[in-house]
Amino acid sequence: MSTEAQSLSPTPPTTGELPKQYRPIEHEGRVWQQWIDAGAFHADPARVVRGEARPYCILIPPPNVTAALHLGHALNNTLQDVLVRAHRMMGFETLWMPGTDHAGIATQAVVEKRVWQEEKKRRTDFPREEFIAKIQAYKDEYEAVIIGQLKKMGCSCDWERQRFTMDSVCVRAVREAFFRLFRDGLIYRGKRLVNWDPVLQTAVADDECYDEDVDTSFWYLRYPLVRAHGATTEKERAQGKPPPDDAVPVTWSELASRGYPGAEHHEGEDQAWVTVATTRPETYLGDTAVAVNPRDPRAKALRGLSVELPLVGRVIPIVEDGYVVLPRSMARTEEEENDPKAEFATGFLKVTPAHDQNDYELGQRHGLAMVNMVSPDGRVSDKHGWSDVGDAHLFVGKKMAEARKLVVKEFEARGLLEAVKPYRHSVKHSDRSKAIIEPYLSDQWYVRVTDRRMAARANAALVPEQRTGSPERELGADCRDSVSAAGAPTESARACARGSLSDGSMRFYPARYAKTFEHWHDNIRDWCISRQLWWGHRIPVWTKAEQGDAATLNNAHSQWCNLRGPEDVAVRCFLDGREVAESDVLTGGTLTTHACLLRDDPRTAAAFESFGFVQDPDVLDTWFSSALWPMSTMGWPDPPLAAKETGIADMPALLPAYNPSSVLCTAREIITLWVSRMTMFNRYLLAGGSPSGLADSATSPAGGGGGCGPVPFRDVFIHAVIQDGEGRKMSKMLGNGVDPLDIIATHGADAMRFTLVHMTTQTQDVRLPVKKDANGKNTSEKFDLGRNFATKMWNAAKFAMEKLQSTGGTPVPPMPGGARTLPDRWMLSRLASGIEACNTALANYEFSEYAQTCYTLLWNDFCDWYLEAIKPTVANDAGQRAVLRAALDTILRLLHPVMPFVTEAIYEQFGRLPGAAVEGLTLEPARKQGLLATAGWPIAATTLKDPAAEAQFAKVAGLVTAIREVRAQHTVPFKRKITLHIAAADAQALGEGAALVTGLCNIERMDPNPPAAASVPITVEAREYRLSNLADVVDTDAEKTRLARKIEDLVKSQGTLEGRLANPGYALKAPAHMVQQTRDQLESVRAELAAARKAMEALEA
RNA sequence: GGGCGGGUAGCUCAACGGCCAGAGCACUCGCCUUACACGCGAGGGGUUCGGGGUUCGAAUCCCCGCCCGCCCA
């Protein structure tokens, strides 16, 4: 599906004529090849660096190599191409940087599935390198498909610069970024709960999960109460001291004496219990406490007591925490009462810090131990973090679902299962494997994005007017003085803070998305970047852990200290979990040493390995490399080396020329995943400034404090998401997706592009009703809009060119500014407004507006009116031919960004036609090979705007429409010539327009006298005209119907207008011009009504 | 739970305090008019989700409610 495979048709003879019909498939391949051959899309950063041209740059959101592109990609890339092509024509040195993303988990999962289907083998049945090679092959295959699709769409990327997130240039960027962040303490290793996919056996990010309701139950388990009897504390036991074997049962009577409400209802000498409600009984093996709300009336009586976990025998404390939901009977506030969990709550919560996010946090608050009772494949295990198995060994090795049944059974057998209630709630599932996500305690690498140098600076990148963050919270050091003594910021402090809140120039379109961006950073949590995968950037850290006394550790430490090249290796040491500085003298304990290697140097790695260091087996989250995209694609951190490696000699000029880039175009869910991270990384890692010092002057210096790097892009445009006709996301599963290639095949690339651009309004979703075509493929009637429009463009050009050719190819003489005809002045005026509207729309990312402006300009103005108007005269009017040519040229240029193929194919012939300059309209010639893609964007002088011509033309059009209406009403055949009776003065007032009316309405003659025979009256702008010779007999009934209807309409609007004027407040408070306008309208409506009534009377007489 | 967006003609969308609320598709009528039937000309079709309020004036601004969707927790 490469370019070469596209069907190429030979360049047609340069006749200046167009074939009868536009068939996209006959042109797209050839036109594409012309662009490529001419290097039309190749950017020259040197021109920017030398100050010869202004830069315009877009970084493609790199598509995943997982699968072919869908319609959302088509939209995303079409919009980028529109911007890129328009700016290229405007004279910017324009770079659209292409590339693809390795999409770690998604790609690996697809290949694992494929290998399983084909070979019935798992990833682990292959050596790591071998399996990676399989993924690599898959990537090559799909990358080619994707790039082929982009080219078919017409994407004018600088294809020579194409990057891949795992190519050697990008790998170096990842390595450098990781190294610096590690060295600066912004990357750390932590034990946290992650979303664990037990099938893929990896941690997955929140956005790789989905929620789904599951029917399950609440199980009510009784935990016997005991008194720990002064034995070891929880902390002591965590340190390896055995649990107390002298736990003493607590009886109901004892509880009663402690004031426990309801204890008296139980048999006094029986052992008391508390009942926990849980949806996951099997996790009781990992319980390390039972929590009770301090407001619970039972809490006081339980203070200091413990429970003993059945079978396990573990004695765990009862802690008090406000997080615990009170049962509905104890609810005090409405909110508590309405908490759906209150219905199921017992007031006692089993706390399993290693298997539940909320419990984890509760555990942190109370310093509870963490017991992990699951192995990575989702089975109960006694090898992954607990030893006090006791009688619970019967659960070991069971899958979680089996273990659940067994636990319930065992509790029941012991009379400890109090109840089971059905319950439905949402449970996290893995996108990739559909498995239920297990919260899992494990060692992971994190980026400390909560650091001020990260999230806060991302927010500060926003332009001040898009900052809404609270100054109280984020007051910069500079502004603290202005805080009043009471601590409340003064007004001036707020203003100052708003300034200090922003040192950037990044702007969201639509602006509301700035809030999403800010909110994300205000609530951000550290970013887990390790993934237990094989496909991706391997984490460049080698680790060694050893135990020993002070001498041993110090000795070992000094050995590998010698291995470091100071710039190449960053070492961080942790003694019993606490970081120790290099200079510290070590005491005895457990020393964990992490060595991060900057370069992929096998000798250094081998040296560390010889001391027992082992490289981390995990790879980085895909977004880590994506976050570097604005830098890595431009050769950072070593552009000269990248240039040498890739053969792209001008690589070193890219960063200074194109970072910050102009705009990022993406969908809204990407704001948090990608936009945020690119912003944080660009600002942090480029803090030293761009190599040549050409960095963005608005963003880099002073304000940032401590050297803050540039924003990665000035604008962020968030476009709509395409849904099907029912408002559902398009997806493979639903089978409602539309394949861009199918649309291109049936409608042409331009048709698809135009339709997509036309759909792109400022809303967050757009719907595309989907239906099956004759071949059973998904399509949508909406694409007919684009196809019809492209055809219209083609035919209009064909016609215009025929008229231009009719002179036998002799050059059209220059057009003097003065003596233009009415249609010419009108058309030029419309063009001037059209250009202005397109410019505004594009500058504000109002794509639909741009498409609609082009649509109206071509179809309504140019085709319906202008071409029709000039038909009788253009052959004999050289000046008119000059305007015709210029008008078509302008429209081709305005439309090129959205419909590049058809416009270029037309220009191929049209460009050779002789022309003449039209004063006031600047149409710079093509810069490369006569290609429209490199021609200048049209510029119209404001003098071309001609309100008088527009008014005069509107008058003509009004009369024409009125006459056509009568013709249609009376079904006058098109070819029948009719007579217009028009007073001499009115004909005079029409001026040039009189001839236009004659031509456009097929009027035989204008007669200043009243008609002798049957006629029909019409009124336009309160002037009265008559039409005769309509037919052999005028249908008076039809005419009466028409008039009656017209009178009805006029009466209605007369009433509206009179009512408005009768309102006393209106004349008083509304602006004068508005009142005058209403008066004028009323006057004209009255006159028209009088005329219509008169006509009716005449008809009835 | 918090935040955001949306509800306008049969469908997809405009109209951002001021034309009689518009366009394309679909529909009706008439046209193979020598660029185009993927076309030309004409036409029908709307209680702008419901209820209050502000205003000379509200689809538009404010409040309440209903419905749909998205994001974050």
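The basis for the numbers below is simple: all heavy atoms, side chains too, and nothing from hydrogens, waters or symmetry mates. The model shown is predicted, which means the values in this text are computed figures rather than measured ones. A note on names: the letters A, B, ... follow the listed sequences, proteins ahead of strands, and every chain is numbered from 1.
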_Any N/O donor-acceptor pair, A:Lys792 side-chain to B:C36 base, under 3.5 Å_ = yes
*Under 4.0 Å between a Lys/Arg side-chain N and an Asp/Glu carboxylate O for A:Arg787 and A:Asp784?*
yes
*Between A:Arg967 and B:C31, is there a side-chain N or O to OP1/OP2 distance below 4.0 Å?*
no
*State whether A:Trp859 places a side-chain N or O below 4.0 Å from either non-bridging phosphate oxygen (OP1 or OP2) of B:C40.*
yes
*asked:* Applying a 4.0 Å non-hydrogen cut-off, can you work out what A:Asp864 is touching in the nucleic acid: base, sugar-phosphate, or nothing?
replied: sugar-phosphate
*Taking the side chain of A:Ala1070 as heavy atoms from C-beta outward, which of B:C56, B:A35, B:C70 is closest to it?*
B:C56
*Touch check for A:Thr856, heavy atoms < 4.0 angstrom, all strands: base, sugar-phosphate only, or nothing?*
nothing
*Which part of the nucleic acid, if any, lies within contact of A:Lys871, taking any heavy atom under 4.0 Å across all strands shown: a base, the sugar-phosphate backbone alone, or nothing?*
base
*Would you say A:Gln1081 reaches B:C20's phosphate, i.e. side-chain N/O to OP1/OP2 under 4.0 Å?*
yes
*asked:* Given the ring of A:Trp865, does A:Arg964 sit roughly above its face, with NZ or CZ under 6.0 Å from the centre of the six-membered ring and within 45° of the axis?
replied: yes
*May I ask you to verify if any side-chain N or O of A:Lys515 is less than 4.0 angstrom from the OP1 or OP2 atom of B:C4?*
yes
_Checking A:Thr1078 against A:Tyr1066 for the side-chain hydrogen bond (donor to acceptor under 3.5 Å, both in side chains) test, could you report, in this order, the C-alpha distance in whole Å, the side-chain angles of both residues, the deciding distance, and whether it holds?_
CA-CA 10 Å; A:Thr1078 310; A:Tyr1066 184 62; 2.8 Å; yes
*Kindly point out which of B:C20, B:A35, B:C56 is positioned nearest to the side chain of A:Lys1069?*
B:C56
*For A:Leu785, which contact category applies under a 4.0 Å heavy-atom criterion: base, sugar-phosphate, or nothing?*
sugar-phosphate
*Determine the interatomic distance between P on B:G2 and the same-named atom on B:C63; round to the nearest Å.*
16 Å
*asked:* What does the B/S/- profile of nucleotides 7-17 of chain B look like, 5' to 3', with a 4.0 Å heavy-atom cutoff to protein?
replied: ----SSSS---
*Pick base, sugar-phosphate or nothing for A:Asn1063, based on heavy-atom distances below 4.0 Å to the nucleic acid.*
sugar-phosphate
*Any A:Asn523 side-chain nitrogen or oxygen under 4.0 Å from OP1 or OP2 of B:A73*: no
